[in-house]
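Single-structure report; data block below.
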Amino acid sequence: MFSREKIVYQTLDLPDHMSLSNPEMLLEAEAYYDRMKRRHSVRDFNSAAVPDAVIQECIRTAGTAPSGANHQPWHFVAISDPDIKRQIRLAAEKEEKKFYEGGGGDEWIKALEPLGTNADKPHLTVAPWLIVVFAQRWGEFDDGTRYKNYYVPESVGIATGFLISALHHAGLVALTHTPNPMKFLNNLLERPSSEKPVMIIAVGRADPDAKVPKVAKIKKPLNKIMTTF
Ligand code: IYR
C-alpha cells in the first residue's frame with residue numbers, strides 16, 4: 001500500500017472542522033447514545049437480501065478508523081455467496097461442537113448459559129451477509145518488502161466497532177462470532193498467512209420474531225464504568 005518515498009510529514013488544515021456550542025454538543029451526544037443503546041446482538045435473522053452497496057458503505061466507514069501509525073491493518077471479506085456461507089457454517093459448527101462438548105472449559109461454558117448460545121449456528125447461512133474481519137500482522141511496501149504494523153488488535157477492534165455502529169445506523173443487525181480456531185477462513189477466503197482472522201460478523205435484517213437474551217440488556221451503569229477526576 002505504501003511506497004517508501006511517500007513517508008514524509010506534511011500538514012493540511014483540519015478538514016470538516018466542527019464547532020458546536022456546549023448545548024449543541026450535549027444534544028448530539030445524547031442523540032448518539034439514544035441511537036446506540038438500541039443496538040442489540042441478534043441471532044435470529046431474516047434472510048432477505050441486503051444490497052452490496054449498503055455493506056460497502058459500512059465497510060468504508062470501518063476504514064475511517066484511527067490505527068497505529070495509520071497503517072490500517074485490516075481487511076474485510078464480505079460474503080453473500082450461499083455456498084461459501086455454507087462452508088463457513090460447516091467448519092464453524094465443527095469447531096463449536098468441540099467447544100460446547102467441553103473444550104471451552106466448564107467456567108466458560110457456564111458463563112455463556114444466560115446467552116443461550118450453543119454449537120448450532122444457523123445465522124451463518126440465514127443472514128444475507130457474513131463479514132470476516134482479518135488483522136494484518138505485517139504489511140508490504142509496493143516493492144514487496146515487509147513493514148511492521150503496530151497496535152494491531154487495538155486498531156482492528158476500533159475499526160470493527162465503527163463497522164458495527166455503521167451497520168446499526170443503516171438499520172441492520174449484526175452478530176459477532178468467533179469460532180476457535182479460525183485458520184480455515186484463510187484457506188476458504190484466499191487470504192494470505194500475514195492475516196489473522198479475528199471474527200465473523202453475520203449481518204442482515206432482524207427476523208420479525210427475533211428474540212434477544214434478557215441478560216444482554218443489563219448494561220453496567222455509568223458510575224461503574226466511569227471515574228472522573
Ligand atoms: N464462540 C462460541 C462461544 C461464545 C463465546 C463468547 I466470549 C460469547 O460471548 C458467545 C459465544 C459461540 O459463538 O457460540
Side-chain angles (χ1 to χ4, degrees), residues 36-47 55 58 62 74-82 84-135 152-168 172-189 191 195-207 209-221 224-225:
M36 289 306 286
K37 75 176 189 212
R38 293 163 200 258
R39 186 208 59 82
H40 313 288
S41 293
V42 170
R43 291 172 174 75
D44 307 318
F45 286 85
N46 183 298
S47 61
I55 302 299
C58 294
W74 45 65
H75 189 86
F76 300 90
V77 180
I79 304 139
S80 61
D81 180 288
I84 302 180
K85 288 197 298 177
R86 193 182 48 79
Q87 291 184 59
I88 292 177
R89 178 176 172 185
L90 281 177
E93 286 183 335
K94 200 166 135 207
E95 299 302 342
E96 294 298 353
K97 201 159 179 293
K98 286 186 247 165
F99 175 91
Y100 283 98
E101 280 173 358
D106 291 349
E107 187 177 348
W108 193 349
I109 295 168
K110 185 111 192 99
L112 295 177
E113 251 177 48
L115 297 176
T117 58
N118 58 41
D120 296 330
K121 303 294 174 194
H123 49 268
L124 294 177
T125 45
V126 176
W129 288 95
L130 301 180
I131 301 175
V132 182
V133 182
F134 285 88
V152 173
E154 292 84 349
S155 303
V156 175
I158 296 169
T160 303
F162 275 36
L163 174 61
I164 292 171
S165 166
L167 292 165
H168 171 60
L172 293 165
V173 294
L175 183 71
T176 56
H177 178 62
T178 48
N180 186 13
M182 282 195 275
K183 193 72 196 156
F184 71 89
L185 291 165
N186 284 75
N187 305 330
L188 192 59
L189 303 174
R191 299 307 304 166
E195 294 186 0
K196 177 180 160 32
V198 175
M199 71 180 87
I200 304 171
I201 307 176
V203 177
R205 293 178 173 88
D207 184 274
D209 296 323
K211 304 267 184 285
V212 294
K214 232 178 182 174
V215 76
K217 296 293 72 176
I218 306 170
K219 297 297 182 195
K220 291 182 180 175
K224 285 275 191 306
I225 64 167

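What you see is a predicted model; the values in this text were computed from it and never measured. Order of appearance sets the numbers: ligands from 1, and atoms from 1 within every ligand.
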> If we only count N/O pairs under 3.5 Å, is T117 in contact with ligand 1?
Replying inline: no
> Would a 4.5 Å heavy-atom cut-off, applied to side chains only, mark R191 and L185 as touching?
Replying inline: no
> Can you tell me how far CG of L124 sits from CD of E96, rounded to the nearest 0.5 angstrom?
Replying inline: 8.5 Å
> Rounded to the nearest 0.5 Å, how far apart are CZ of R89 and NE2 of H177?
Replying inline: 10.5 Å
> Testing N118, L112, N180 for side-chain contact (heavy atoms from CB on, under 4.5 Å) with F99, which one passes?
Replying inline: L112
Atom indices of ligand 1 within 4.0 angstrom of [X] heavy atoms, with elements:
X: T178; answer: 1 (N)
X: K121; answer: 12 (C), 13 (O), 14 (O)
X: F99; answer: 3 (C)
X: H177; answer: 13 (O)

Considering only the protein, which heavy-atom contact is closest to [atom], and what is its distance?
atom: atom 1 (N) of ligand 1; answer: E96 OE2, 3.0 Å
atom: atom 10 (C) of ligand 1; answer: L112 CD2, 3.6 Å
atom: atom 7 (I) of ligand 1; answer: W108 NE1, 3.6 Å
atom: atom 3 (C) of ligand 1; answer: Y100 OH, 3.4 Å

>> Could you report the tightest heavy-atom contact between A159 and F76, atom names first, then the distance?
In response: CB-CZ, 4.2 Å
>> Show, in sequence, the C-alpha distance, side-chain angles and deciding distance for N186 and K183, and conclude whether the side chain to side chain contact (heavy atoms under 4.5 Å, CB included) test is met.
In response: CA-CA 6 Å; N186 284 75; K183 193 72 196 156; 4.0 Å; yes
>> Any salt bridge linking K110 with E113? Criterion: basic side-chain nitrogen under 4.0 Å from a carboxylate oxygen.
In response: yes
